[in-house]
Each structure stands twice: as structure tokens, then as C-alpha cells.
Amino acid sequence: MGYTIAMIGIAACVLLCGIGSCIGLYKTSTAAAGVLGENPKMFGKVMVLVLLPATQGIYGFIIGIITSGALQDGMSTAHGWAMIGAVIPMALSGLISAWFQGRSAVNCIYAVGKQESLSGKLIVYPGMIEFYAILGLIISIMLAGQVGSAITAAMALVA
């Protein structure tokens, strides 16, 4: 039962981070298409802003890989719930920060469309939102390491 619970948590983390990134990328890519329709030479200036929300999907995938390495047959239900607890920080921060980072980057893309020289300065605003996704990533890595150690120790006692 614990194995199933942990799998659901890991899958939800990857899925929620991916959904947040898709929403953010949808918003930024449509804004960039409008700006590039006016001035195609701005592709390089807006591309970084377009891609920023994609990182949360990558972070969720990283957590999925790390935590799936700790999965073991015969995990207790408590360990399964602990794994869900370990991935929740990344799942929620990934979903929400990608969504809002996309919204922030859209406005920055429009501003770059009006004044090209702002492109280097405006990356700061959506970049600040990235900080919270990174915090979720770090906390989930730390918690997953604790759960993995506890599972290994428990399995050693049983064997």
C-alpha cells in the first residue's frame, strides 16, 4: 500500500509541475508571437522570457527521478505518506510559480516589444518568482533524502 501511495505522490508532483509549466509557456509563447509578429529581430531578446516557466517542469521531473529511486516493494503506508509529504513542496511551488512566472514574463515580453533595451533588466521580475520554485526543489530533495534513508533502515531491520 505504501508503494502505491508514494507512486501517486511522485506522479502528482511531476504532473502538477508540468501543468504549471505548460500554462506559463502557453502565456509567454503567445505574447512572444505577438511581439515577434511586429519585429522578428527580437527573437533572442524574448526567448529567455518565454522559456522561464519551463524550469518548473524540469524541477518536477528531477524530483520524480530522485524519489522514484527510493521506492521499494513492501514500503509501509507511513513511508508512502512520508513520500507524498516530501514531494508536496515541489508540486505546489512548481504549479503556482510557473503559472505566475508566465504571467509576469508576458508583461515583460510586451515591455521588451515596446523598448528593446529593457530585455536584460526585465528578466529580474519573473526571475524572482523562480526563487520560490528553487526553494520547493531544495526542500523536496532534502525531505526525499530523509524518507529514502528511513525506508532503507526499515527494510534492513525487516531483513
*Asks:* For residues L71 and T67, determine if any side-chain heavy atom of one lies less than 4.5 Å from a side-chain heavy atom of the other.
*Replies:* no
*Asks:* Going by atom type alone, with no hydrogens or angles, which donor-acceptor pairs under 3.5 Å involve a side-chain atom of residues 103-115 and a protein atom two or more places apart or on another chain?
*Replies:*
unit_1 : atom_1 : unit_2 : atom_2 : d
N107   : ND2    : R103   : O      : 3.4

*Asks:* Give every residue pair that meets the side-chain hydrogen bond (donor to acceptor under 3.5 Å, both in side chains) criterion with at least one member in residues 87-98, sequence neighbours excluded.
*Replies:* Q56-S97
*Asks:* Using links of under 4.5 Å between side-chain heavy atoms of ILVMFWY residues, direct or through other members, which residues join I65 in one cluster?
*Replies:* F61
*Asks:* Roughly how far, to the nearest 0.5 Å, is the CE atom of M90 from the CD1 atom of I141?
*Replies:* 9.0 Å
*Asks:* Check for me, please, whether M75 and I88 land in the same ILVMFWY cluster - side-chain distances under 4.5 Å, paths through other members count.
*Replies:*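 No; tracing contacts between hydrophobic side chains, which count when under 4.5 Å, never links both residues.
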*Asks:* Do you know which two heavy atoms are closest between M83 and A70, and how far apart they sit?
*Replies:* CE-CB, 3.7 Å
*Asks:* Let me see the working for I63 and L137 under side chain to side chain contact (heavy atoms under 4.5 Å, CB included), right down to the final yes or no.
*Replies:* CA-CA 7 Å; I63 291 300; L137 174 67; 3.7 Å; yes
*Asks:* What pairs with I23 under side chain to side chain contact (heavy atoms under 4.5 Å, CB included), at least two apart in sequence or on another chain?
*Replies:* I19, K27, W99
*Asks:* Using the rule that Ile, Leu, Val, Met, Phe, Trp and Tyr join whenever any side-chain heavy atoms are under 4.5 Å apart, tell me whether L92 and M142 fall into a single cluster.
*Replies:*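 They do not share one cluster, since no chain of ILVMFWY contacts under 4.5 Å joins L92 to M142.
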*Asks:* Using atom types as modelled, flag every donor-acceptor pair under 3.5 Å from a side chain in residues 34-46 to any protein atom, sequence neighbours excluded.
*Replies:*
unit_1 : atom_1 : unit_2 : atom_2 : d
N39    : OD1    : K41    : N      : 3.2

*Asks:* Show which residues join Y26 in its hydrophobic cluster (side-chain heavy-atom contacts under 4.5 Å, direct or indirect), or state none.
*Replies:*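 None, because no other hydrophobic side chain comes under 4.5 Å of this residue.
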*Asks:* Report all side-chain donor-acceptor pairs from residues 6-15 shorter than 3.5 Å, counting only partners two or more places apart or in another chain.
*Replies:*
none

*Asks:* Using links of under 4.5 Å between side-chain heavy atoms of ILVMFWY residues, direct or through other members, which residues join I129 in one cluster?
*Replies:*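 I129 clusters with nothing; isolated.
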*Asks:* If two hydrophobic side chains count as joined below 4.5 Å and joins carry through other members, does I66 share a cluster with V87?
*Replies:*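 Yes; tracing contacts between hydrophobic side chains, which count when under 4.5 Å, links both residues.
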*Asks:* Only counting residues at least two apart or in another chain, list the ones meeting side chain to side chain donor-acceptor pair (under 3.5 Å) with S29.
*Replies:* none
*Asks:* Is L122 reachable from F100 through a run of hydrophobic residues whose side-chain heavy atoms are each under 4.5 Å from the next?
*Replies:*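 No.
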*Asks:* In terms of hydrophobic clustering (I, L, V, M, F, W, Y; side-chain heavy atoms under 4.5 Å; direct or indirect links), are Y3 and M1 co-clustered?
*Replies:*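 No, Y3 does not connect to M1 through the hydrophobic network.
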*Asks:* Does P89 reach the side chain of L143, with side-chain heavy atoms less than 4.5 Å apart?
*Replies:*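 The answer is yes; the side chains approach within 4.5 Å.
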*Asks:* With a cutoff of under 4.5 Å between side-chain heavy atoms, which Ile, Leu, Val, Met, Phe, Trp and Tyr residues group with Y132?
*Replies:* F131, L135
*Asks:* With side chains defined as the heavy atoms from C-beta onward, is the minimum distance between T77 and I5 less than 4.5 Å?
*Replies:*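 Sidechains of I5 and T77: in contact.
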*Asks:* For a quick test of reading the model, state the closest non-hydrogen atom pair linking L49 to I123 and the distance between them.
*Replies:* CD2-CA, 4.0 Å
*Asks:* Can you name the side chain to side chain contact (heavy atoms under 4.5 Å, CB included) partners of I134, sequence neighbours left out?
*Replies:* Y59, E130, I138
*Asks:* Going by side chain to side chain donor-acceptor pair (under 3.5 Å), name the residues that satisfy it together with S21, two or more places apart in sequence or in a different chain.
*Replies:*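 Testing S21 for side chain to side chain donor-acceptor pair (under 3.5 Å), a comparison that skips the adjacent residues, returns none.
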